[in-house]
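For this chain, numbers begin at 1 and follow the sequence in order.
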Amino acid sequence: MADTKYESNIESIPTSADKVYRVLSNLQSLERVKDMIPQDKVQELEINPDYIRMKVDGLGQKIVIRIVDRIENDTIKFGLDNLPIQANFWIQLKQVTETDTRVKLTIKADIPFMFKMMVDKKLQQGLNDAAKMLTQFPYEQWL
């Protein structure tokens, strides 16, 4: 197995790090976008301020994404439970100006070598897409 690190592109969010942090550090904020999650891929979704529990198509068991650490206006670290691999990820914020916060997502996963080639590009693309999606949230309205 290889401990592999994936980093998204750095994206710009047009608001302060404080506003972004307050929305993203409370997973209950996802209630606003849960209708966008494909029902054929994710079922039994439970959302709590500190964790998300869901059944994902193809995994057969409920996985848990939980916040394990928060550094105000800077970093939100997540742990992943009930996955076939060990992994964690984090969101990093860096405020450049009052209306420009840069965001970067990072995943660190212990992926078996034979699967690494199959998931490499998909994981990287998914991470870049997720970072881009975070720039679209109406943070001002969600507070």
Exercise for the section: Before giving the answer on side chain to side chain contact (heavy atoms under 4.5 Å, CB included), spell out for Ile37 and Lys41 the whole-Å C-alpha distance, their side-chain angles and the decisive distance to 0.1 Å. Expected result: CA-CA 8 Å; Ile37 299 169; Lys41 304 285 185 208; over 6 Å; no
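- No single ILVMFWY cluster, assembled from side-chain heavy atoms under 4.5 Å apart, contains both Ile111 and Met117.
- For the atom pair NZ (Lys55) and CD (Gln61), the distance works out to 10.0 Å, reported to the nearest 0.5 Å.
- Taking the salt bridge (Lys or Arg N to Asp or Glu O under 4.0 Å) definition, one finds that Asp18 meets it with Arg22, sequence neighbours left out.
- Rounding to the nearest 0.5 Å gives a distance of 5.0 Å between OH of Tyr6 and CG of Leu123.
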I'd like a table of donor-acceptor pairs (distance under 3.5 Å, sequence neighbours excluded) in which one partner is a side-chain atom from residues 63-71, with atom names and distances.
| unit_1 | atom_1 | unit_2 | atom_2 | d |
| --- | --- | --- | --- | --- |
| Arg66 | NE | Asp81 | OD2 | 2.7 |
| Arg66 | NH2 | Asp81 | OD1 | 3.0 |
| Arg70 | NE | Ser25 | O | 3.1 |
| Arg70 | NH1 | Asp50 | OD1 | 3.4 |
| Arg70 | NH2 | Ser25 | O | 3.0 |
| Arg70 | NH2 | Asp50 | OD1 | 2.5 |

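- Of the possible polar contacts, none joining the Asn9 side chain to the Asn128 backbone as a donor-acceptor pair under 3.5 Å is found.
- Listed by chain and number, the residues in a side-chain contact (heavy atoms from CB on, under 4.5 Å) with Leu30 are Leu27, Val33, Ile47, Ile52 (sequence neighbours excluded).
- Atom CZ of Phe115 is separated from atom OG1 of Thr4 by 13.5 Å, given to the nearest 0.5 angstrom.
- Contact annotation: the side chain of Ile85 approaches that of Pro112 to within less than 4.5 Å [non-hydrogen atoms, C-beta and beyond].
- Atom-to-atom distance recorded for Arg102:CZ and Glu11:CD is 10.0 Å, nearest 0.5 angstrom.
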For residues 133-143, please give each side-chain donor-acceptor pair under 3.5 Å, one per line with the distance, not counting sequence neighbours.
| unit_1 | atom_1 | unit_2 | atom_2 | d |
| --- | --- | --- | --- | --- |
| Thr135 | OG1 | Lys132 | O | 2.5 |
| Tyr139 | OH | Leu134 | O | 2.6 |
| Glu140 | OE1 | Lys19 | NZ | 3.0 |
| Glu140 | OE2 | Thr15 | OG1 | 2.6 |
| Glu140 | OE2 | Lys19 | NZ | 3.4 |

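- Within 6.0 Å of atom CE in Met36, 12 or fewer heavy atoms from other residues, nucleotides or ligands are found, so the atom counts as exposed in its surroundings.
- Counting only distance, with no hydrogens or angles, the side chain of Gln124 and the backbone of Glu7 share a donor-acceptor pair below 3.5 Å.
- Sorted by first then second residue, the ring pair (Phe, Tyr, Trp, His ring centres under 6.0 Å) pairs that include residues 18-53, not counting sequence neighbours, number zero.
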With a 3.5 Å cut-off and sequence neighbours excluded, list the donor-acceptor pairs that the side chains of residues 88-97 form with protein atoms.
| unit_1 | atom_1 | unit_2 | atom_2 | d |
| --- | --- | --- | --- | --- |
| Gln95 | OE1 | Ala17 | N | 2.8 |
| Thr97 | OG1 | Thr99 | N | 3.3 |
| Thr97 | OG1 | Asp100 | N | 3.3 |

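- For Lys104 against Ile10, the heavy-atom pair with the smallest separation is CD-CG1, 4.0 Å.
- Residue Lys77 places its NZ atom among 12 or fewer non-hydrogen atoms of other residues, nucleotides or ligands, all under 6.0 Å distant.
- The number of heavy atoms from other shown groups lying within 6.0 Å of CD (Gln86) does not exceed 12.
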Exercise for the section: Assess whether side chain to side chain contact (heavy atoms under 4.5 Å, CB included) is satisfied between Val20 and Val103, documenting all intermediate values. Expected result: CA-CA 9 Å; Val20 175; Val103 63; 5.8 Å; no
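- In this structure, Lys5 NZ and Thr106 OG1 are separated by 6.0 Å, a value rounded to the nearest 0.5 Å.
- Contact detail for Gln43 and Gln39: the closest heavy-atom pair is NE2-O, 3.1 Å.
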